[in-house]
Amino acid sequence: TNPAPHYVIGFSQCTTADAWRQAMLAGMRKELSFYPNVTFRLKDARDDSRRQQQQIQEFLREKVDLLIVSANEAEPVTPVVEEAFNRGIPVVILDRRTTSKLYTAYVGGNNVEVGRAAGRYVGSLLGGRGNVLEIEGLAGASPAVDRHRGFAAALAAYPGVRLAARVQGDWKRPSVIRNLPAVLRAHPEVNLIFAHNDRMALGAYQVCKQLGLSHRVRVVGVDGLAGPQGGIQLVQDGVLTATLLYPPGGEEAIRTAMRILQHQPYDKENVLGTMVIDSTNVLTMKMQTEQLAAQQQDIERQQRLLQQQRDTYASQQTVLYGLAGA
Ligand code: FRU
């Protein structure tokens with residue numbers, strides 16, 4: 001049989017500086033370990049859409065075989081992604097979309113659905129009466145746009161629940177620490193905060209605590225990461241009332257990319273599900289994620305062992321050849 005052809009995958013990532021993106025990357029590397037014939041190149045735009053445009057241009061000059069993109073902001077990154085697609089480079093959009101239909105496949109959550117699920121949960125949690133504050137992700141990033149749309153649409157079914165204020169965030173905690181106090185002082189009626197991710201939700205909780213509000217303002221986030229500072233732990237600790245699971249999708253992105261490169265059938269839309277994590281199911285979630293992590297470690301131990309055996313075998317072969325030649 002022919003050796004597997006060599007492929008170069010370029011990944012234009014909006015940022016790498018948070019645990020959710022790290023989990024995404026870990027998932028990608030895990031799946032990539034099955035493909036020694038793939039070179040994986042990552043360029044980190046560090047939250048800068050201009051830099052992301054330039055880095056995608058670089059990928060085009062480097063003639064990657066496939067491009068994976070998580071667009072910092074949809075609008076400014078769209079033209080260069082369209083250019084790649086029009087040049088015949090397959091494009092997998094991961095999590096943050098462009099505004100264009102010109103891409104090969106999408107992998108990630110349905111963020112309108114994430115917002116809707118949050119809105120339904122909040123509506124019933126408040127018993128149909130209350131005042132909600134929404135802390136949004138970076139303006140112009142597709143998950144922020146879509147989460148707000150879904151959230152507002154679901155709340156519309158609860159006429160007694162009012163969206164009292166919207167705060168412009170940037171996915172990061174410090175902006176919330178800076179901007180939220182003034183908004184909360186102006187809106188003392190607020191009794192629930194929906195933040196577009198768990199990092200901003202944690203910031204919201206800290207502000208509430210600082211202002212002596214944490215007993216009567218509940219906080220709901222998005223992401224539901226495992227691990228010590230992840231959303232699952234925050235729900236277990238009672239910092240967050242709930243979080244909406246938003247899987248990073250790294251493994252799925254590489255699987256889809258490989259199907260495209262190998263000319264196998266693939267789906268254009270690969271939507272990863274969401275669910276509410278709250279006090280009723282957080283322990284189950286925690287146990288399951290811990291078990292998964294333990295299994296992952298076992299697999300890595302087995303791989304190391306196999307590699308050691310291969311190395312030993314190879315050195316014994318060398319000794320044998322040496323003897324035969326003598
Ligand atoms: C990580 C992150 C997540 C959020 C996602 C949206 O960089 O901010 O917290 O769910 O990006 O694209």
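Read the numbers this way: they start at 1 and go in the same order the structure lists the ligands and their atoms. Only this structure's heavy atoms are used, side chains among them; waters, hydrogens and symmetry mates stay out.
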(message) Would the distance check show the side chain of Asn191 and the main-chain N or O of Val217 forming a donor-acceptor pair, the cut-off being under 3.5 Å?
(response) no
(request) Can you sort out which atoms of ligand 1 are near Pro143, meaning under 4.0 Å from one of its heavy atoms? (result) 6 (C), 12 (O)
(message) Tell me the protein heavy atom at minimum distance from atom 5 (C) of ligand 1, and give that distance in Å.
(response) Arg21 NH2, 3.6 Å
(request) Sequence neighbours left out, what pairs pass side chain to side chain donor-acceptor pair (under 3.5 Å) with at least one residue falling in residues 200-226? (result) Arg173-Gln206
(message) With heavy-atom distances below 4.0 Å as the criterion, list the atoms of ligand 1 near Asp95.
(response) 6 (C), 12 (O)
(request) Determine, considering heavy atoms only, which of Leu94, Asp223, Asn111, Leu138 sits nearest to atom 3 (C) of ligand 1. (result) Asp223
(message) So for ligand 1, is His196 a polar contact partner (N or O within less than 3.5 Å, distance only)?
(response) no
(message) For a quick check under 3.5 Å, do Asp298 and Gln302 share a side-chain donor-acceptor pair by atom type?
(response) no
(message) Looking at Asn197 and Val222, would you say the former's side chain and the latter's main chain have a donor-acceptor pair under 3.5 Å?
(response) no
(message) Does Lys101 qualify as a cation-pi partner of Phe85, given the criterion of NZ or CZ under 6.0 Å from the six-membered ring centre and within 45 degrees of its axis?
(response) no
(message) For the 3.5 Å polar cut-off, considering only N or O atoms, please tell me whether Thr15 and ligand 1 meet it.
(response) no
(request) For Asp311 and Gln307, test the side chains for any donor-to-acceptor distance below 3.5 angstrom and give the result as yes or no. (result) yes
(message) Please list the nearest protein heavy atom to atom 12 (O) of ligand 1 with its residue and the distance rounded to 0.1 Å.
(response) Arg96 NE, 2.7 Å
(request) Output the list of atoms in ligand 1 that are nearer than 4.0 Å to some heavy atom of Asp18, sorted by atom number. (result) 1 (C), 7 (O)
(message) Under a 4.0 angstrom heavy-atom cut-off, which atoms of ligand 1 come close to Tyr246?
(response) 10 (O)
(request) Give the residue, atom name and distance (to 0.1 Å) of the protein heavy atom nearest atom 8 (O) of ligand 1. (result) Arg199 NH2, 3.1 Å
(message) I'd like to know if Met24 contacts ligand 1, where contact means a heavy-atom distance under 4.0 Å to any ligand atom.
(response) no
(request) May I ask you to decide if the ring planes of Trp20 and Tyr246 are parallel, tilted or perpendicular, using 30° and 60° as cut-offs? (result) parallel
(request) Check Arg147 against ligand 1 and report side chain, backbone, both or neither, counting heavy atoms closer than 4.0 Å. (result) side chain
(message) Suppose I only count heavy atoms of Trp20 and a 4.0 Å limit; which atoms of ligand 1 are within that range?
(response) 1 (C)
(request) Test the Arg116-Phe151 pair against the cation-pi criterion, namely NZ or CZ under 6.0 angstrom from the six-membered ring centroid and within 45° of the ring axis. (result) no
(message) I'd like to know if the side chain of Asn270 reaches the main chain of Tyr106, judged simply by a donor and an acceptor atom lying under 3.5 Å from each other, with no hydrogens or angles considered.
(response) yes
